[in-house]
Undergrad: 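What follows is a structure written as structure tokens; I'll ask about it next.
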Protein chains: 2
Amino acid sequence: MTKRKENSTNSINREYITTNCDAIYTVCKISGRWKMKIIYTLSTYETLRFNELRDHIQGITDRMLTLQLKELEADSLVVRKVFPEVPPRVEYSLTDITKELLPIWPALEQWAEKHRALVSEDNEE
Amino acid sequence: MTKRKENSTNSINREYITTNCDAIYTVCKISGRWKMKIIYTLSTYETLRFNELRDHIQGITDRMLTLQLKELEADSLVVRKVFPEVPPRVEYSLTDITKELLPIWPALEQWAEKHRALVSEDNEE
DNA sequence: CGGGATCCGATCTGATACTG
DNA sequence: CAGTATCAGATCGGATCCCG
């Protein structure tokens, strides 16, 4: 029984996802405190350096950005490109497979709006 | 600053989701160790009692089923219907808004397949 | 600049036992 | 049947300091 591979920062991104429902697999890959935000940010800016990425993501710490980027890279969701320069320069961007995930975003956003509307209705009066 | 409302079993389902990316909101609602599995199961069986649900979800404990169902109910994703009988009888089903989420499932599943194919390629040789 | 290492509290989850 | 209560361990996330 292999334990976990590395330090995962994701609560459901574990090996026990042997469900017959593959949708869970996908959501697991993007579940993580900052992953969707990172993906979203990279999708709008194409390529960003570490500090740029951090500056675009309110509230994230270096540590978490590092960890989440590592996981995303390990999962082939993000590409890390190192330029052998001084000072060092590292650029992050989305992989093609991740870009294929972006068309789903609007559907998720629309559902969020609908759901929010419903819930606030319930809370009125 | 309101803290958390209840016991959330979800690591990213917190109040700090004030991102400009609503897709995160949606994923948060279904992120949780067993939530998607519960939704998936209820989507195929329409209505299930507590024990039935548990029997369909391999590995879940009563405790976790209770907790996740509570959160799903609080978020209006699941309906809990109690029949005043002896022995007690409780039926769970999806809300309409949750059913509107199901059309997204196939896209997520297809991405999972693609991604898995890519990753296994990388691992070969 | 782009991280890594460490510490530690907050959170999540499982096991077990119990109940109206 | 449909849960609840309690405890312990695993995991996560933030803060802080350090480095080539």
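Below, read A as the first sequence line, B as the second, and so on, with proteins coming before strands; counting in each chain starts at 1.
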Undergrad: Between the side chains of A/Thr95 and A/Ser76, is a donor N or O closer than 3.5 angstrom to an acceptor N or O?
TA: no
Undergrad: Starting at CZ of A/Phe50 and ending at P of C/dG2, how long is that distance when rounded to a whole Å?
TA: 8 Å
Undergrad: B/Leu67 CG to D/dG3 C1': how many Å, rounded?
TA: 11 Å
Undergrad: In this structure, how many angstroms lie between the P atom of C/dG2 and the CG atom of A/Leu65, rounded?
TA: 10 Å
Undergrad: With hydrogens left out and only the distance checked, is there a donor-acceptor pair under 3.5 Å joining A/Arg33's side chain and the base of D/dG13?
TA: no
Undergrad: Taking the minimum atom-to-atom distance to the side chain of B/Asp62, which one of D/dC1, D/dG3, D/dG14 wins?
TA: D/dG3
Undergrad: Taking OP1 and OP2 of C/dC12, is either one under 4.0 Å from a side-chain nitrogen or oxygen of B/Trp34?
TA: no
Undergrad: Which part of the nucleic acid does B/Thr66 contact within heavy-atom distance under 4.0 Å: base, sugar-phosphate only, or nothing?
TA: base
Undergrad: OP1 or OP2 of D/dG3 less than 4.0 angstrom from a side-chain nitrogen or oxygen of B/Arg80, does that happen here?
TA: yes
Undergrad: Quick one: does B/Trp34's side chain get under 4.5 Å of B/Leu67's, heavy atoms only?
TA: no
Undergrad: At under 4.0 Å between heavy atoms, what does B/Tyr92 touch on the DNA or RNA strands: base, sugar-phosphate, or nothing?
TA: sugar-phosphate
Undergrad: Ignoring the backbone of B/Arg49, work out which of D/dG13, D/dC1, C/dC1 is nearest its side chain.
TA: D/dC1
Undergrad: Just compare D/dA15, D/dG13, C/dG14 and give me whichever is closest to any side-chain atom of A/Gln68.
TA: D/dG13
Undergrad: For the pair made of CZ in A/Arg63 and C1' in D/dT11, what is the distance, rounded to whole Å?
TA: 11 Å
Undergrad: Report the nucleotide, chosen from C/dC1, C/dT13, D/dA2, that has the shortest atom-to-atom distance to any side-chain atom of A/Pro88.
TA: C/dC1
Undergrad: Where the side chain of A/Val90 is concerned, which of D/dG13, D/dA2, C/dG3 is the nearest nucleotide?
TA: C/dG3
Undergrad: Tell me: CD1 of B/Ile60 to P of D/dG3, nearest whole Å?
TA: 12 Å
Undergrad: With respect to the phosphate group of C/dG3, does any side-chain polar atom (N or O) of A/Lys70 fall under 4.0 Å of OP1 or OP2?
TA: no
Undergrad: Tell me: NZ of B/Lys37 to P of C/dT13, nearest whole Å?
TA: 17 Å
Undergrad: Does A/Tyr25 have B/Arg116 sitting over its ring (NZ/CZ under 6.0 Å from centre, angle to axis within 45°)?
TA: yes
Undergrad: Starting from C1' on C/dC1, measure out to CZ on A/Phe83 and report it in whole angstrom.
TA: 14 Å
Undergrad: Would you please test B/Thr47 and B/Ser93 for side-chain hydrogen bond (donor to acceptor under 3.5 Å, both in side chains) and show each step?
TA: CA-CA 5 Å; B/Thr47 295; B/Ser93 53; 4.5 Å; no
Undergrad: Would you kindly check whether a donor in the side chain of A/Arg89 faces an acceptor in the base of C/dG2, or vice versa, at under 3.5 angstrom?
TA: no
Undergrad: Calculate the interatomic distance between A/Ile57 atom CD1 and D/dG14 atom P; express it in whole Å.
TA: 12 Å
Undergrad: I'd like to know if A/Val78 and A/Phe83 are part of one continuous hydrophobic network [Ile/Leu/Val/Met/Phe/Trp/Tyr, side-chain heavy atoms within less than 4.5 Å].
TA: no
